[in-house]
Structure formats: C-alpha cells, structure tokens
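Each remark here refers to the structure printed beneath this line.
Side chains are part of it too, since the values below use all heavy atoms of this structure and drop only hydrogens, waters and symmetry mates.
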Amino acid sequence: QVQLVESGGGLVQPGGSLRLSCAASGFTLDYRAIGWFRQAPGKEREGVSCFSSSVGNTHYLDSVKGRFTISRDNAKNTVYLQMNNLKPEDTAVYYCATDSRGYDCSWYLATKDMNYWGKGTLVTVSS
C-alpha cells in the first residue's frame, strides 16, 4: 500500500524550530520529486519546498528561503523539512507529496500536481 505519513508538527514559539518528517511506504522515494506544501486556515494550499533528483534541483517558496531546508534520507525512505526562525505566518497544516513524472520543482510547487499525498501535520507558531 502506497503511503506517506507526516510527523513532527506541533506548537512552537516565534523564532523557534521544528523538523517535519515524511515517511514513505509501499514505494521508494529514489528518483522521485518530493514536495512540501502547506495550507493555512482560510487560504489556498501553497508550495513550500521541493527536491527533484531526476531534474537535479531544489526550490523554495520565497518567504521561507534561508529558514527552511528540505533533505532526504534514502536509507530510511524519509524526507525532512527543517524549519528555523518560525513566524506566526508559517502556521498551517503541512503536507508532503511525491511524484514520478520528472518535472521541474518550480512547476510542482506552482501547480501542486503530485501523484501521492500525505494527510498532513499541523504546525502552530504562537506565543
């Protein structure tokens, strides 16, 4: 069964850090594009970060550049999103997704069109 499961969300104060994990089962993340997306209350889902090994690029939403880092552990079949210097506007449900079609990360983040999605993990940044 193909599955993506996010974890690591929670409540954090402004300026704090969290590391989200996305564990894949039923398939390998090798040669796939991996994306992190988020949806804040009352807002549309937006692309946050993407890594594509087939195209060889990494892409970030402008507002998270320098604060968020996407990484992957192939041995654990897991993708991470390290989030530092968190701001209240980062509050959202964060989803990971993956796709095998080999498009550029900027396309994936703009269209939010990926094959498989997790159910999300809530991140709340508040004092």
Side-chain angles (χ1 to χ4, degrees):
Q1 180 180 1
V2 173
Q3 197 173 17
L4 292 173
V5 179
E6 302 95 335
S7 61
L11 173 64
V12 62
Q13 292 186 342
S17 298
L18 282 176
R19 189 179 77 158
L20 304 184
S21 299
C22 173
S25 60
F27 63 93
T28 177
L29 291 172
D30 291 357
Y31 309 111
R32 284 179 165 267
I34 311 298
W36 283 97
F37 300 80
R38 68 186 181 187
Q39 187 164 17
K43 295 187 177 181
E44 292 187 358
R45 189 171 299 187
E46 63 178 353
V48 175
S49 181
C50 172
F51 171 79
S52 175
S53 58
S54 59
V55 178
N57 71 339
T58 304
H59 200 81
Y60 293 94
L61 181 69
D62 283 347
S63 62
V64 308
K65 284 180 181 178
R67 301 189 297 123
F68 289 12
T69 303
I70 189 171
S71 63
R72 181 166 71 182
D73 186 333
N74 288 339
K76 295 183 178 180
N77 213 29
T78 299
V79 177
Y80 303 98
L81 184 68
Q82 177 67 43
M83 307 186 296
N84 298 327
N85 190 22
L86 283 160
K87 303 176 181 181
E89 52 264 40
D90 295 318
T91 295
V93 177
Y94 283 73
Y95 302 88
C96 68
T98 185
D99 191 88
S100 59
R101 289 171 291 175
Y103 296 133
D104 187 86
C105 270
S106 59
W107 186 87
Y108 284 122
L109 294 187
T111 64
K112 301 174 280 291
D113 183 359
M114 297 192 121
N115 293 140
Y116 298 106
W117 290 78
K119 294 184 178 180
T121 184
L122 176 62
V123 172
T124 303
V125 185
S126 175
S127 55

Please report the shortest heavy-atom distance between [X] and [Y], naming the atom on each side.
X      : Y      : answer
Ile70  : Thr58  : CG2-CG2, 3.6 Å
Phe68  : Tyr60  : O-CE2, 3.3 Å
Tyr108 : Gly102 : OH-N, 3.3 Å
Ser127 : Pro14  : N-CD, 3.7 Å
Leu122 : Ala92  : CD1-O, 3.6 Å
Leu86  : Arg67  : CA-NH1, 3.9 Å

**OP:** Might you confirm whether atom NZ of Lys43 has over 12 heavy atoms from other residues, nucleotides or ligands at distances under 6.0 Å?
**Re:**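 Not more than 12 within 6.0 Å, no.
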
**OP:** For atom CD of Glu89, decide whether the heavy atoms of other residues, nucleotides or ligands shown that lie under 6.0 angstrom number more than 12.
**Re:**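 Counting neighbours around CD of Glu89, more than 12 heavy atoms of other residues, nucleotides or ligands fall under 6.0 Å, so yes.
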
**OP:** Take Asn115 and Thr98, measure what side-chain contact (heavy atoms from CB on, under 4.5 Å) needs, and give me the verdict at the end.
**Re:** CA-CA 6 Å; Asn115 293 140; Thr98 185; 5.6 Å; no

Output yes when a side-chain donor or acceptor of [X] lies under 3.5 Å from a complementary backbone atom of [Y], and no otherwise.
X      : Y      : answer
Gln82  : Arg19  : no
Glu6   : Lys119 : yes
Thr121 : Tyr94  : no

Geometric cation-pi criterion, [X] with [Y]: 6.0 Å, 45°:
X     : Y      : answer
Arg45 : Phe37  : no
Arg32 : Tyr116 : no
Arg72 : Phe51  : no

State yes or no: do [X] and [Y] share one hydrophobic cluster built from I, L, V, M, F, W and Y residues joined by side-chain heavy-atom distances below 4.5 Å, directly or via other members?
X      : Y     : result
Leu109 : Val48 : no
Val12  : Val93 : no
Val2   : Val79 : yes
Tyr80  : Leu18 : no
Trp117 : Leu81 : no

**OP:** List the steps, then state whether side-chain contact (heavy atoms from CB on, under 4.5 Å) holds for Cys22 with Ile34.
**Re:** CA-CA 10 Å; Cys22 173; Ile34 311 298; 5.6 Å; no

Spatial distance of atom [atom1] ([X]) from atom [atom2] ([Y]) [nearest 0.5 Å]:
X      : Y      : atom1 : atom2 : value
Cys50  : Asn57  : SG    : CG    : 6.5 Å
Leu61  : Ser49  : CG    : OG    : 9.0 Å
Trp107 : Lys112 : CH2   : NZ    : 11.0 Å

**OP:** In sequence, state the C-alpha distance, the side-chain angles, and the governing distance for Phe27 and Asn77, and then conclude on side-chain contact (heavy atoms from CB on, under 4.5 Å).
**Re:** CA-CA 9 Å; Phe27 63 93; Asn77 213 29; 5.6 Å; no

**OP:** Determine, step by step, whether Tyr95 and Leu4 satisfy the side-chain contact (heavy atoms from CB on, under 4.5 Å) criterion, reporting the C-alpha distance in whole Å, the side-chain angles of both residues, the deciding distance to 0.1 Å, and the verdict.
**Re:** CA-CA 9 Å; Tyr95 302 88; Leu4 292 173; over 6 Å; no

Original post:
So which of Met83, Arg38, Lys87 actually passes side chain to side chain contact (heavy atoms under 4.5 Å, CB included) with Val64?
Top reply: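 Result: among Met83, Arg38, Lys87, Arg38 is the only option passing the side chain to side chain contact (heavy atoms under 4.5 Å, CB included) with Val64.
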
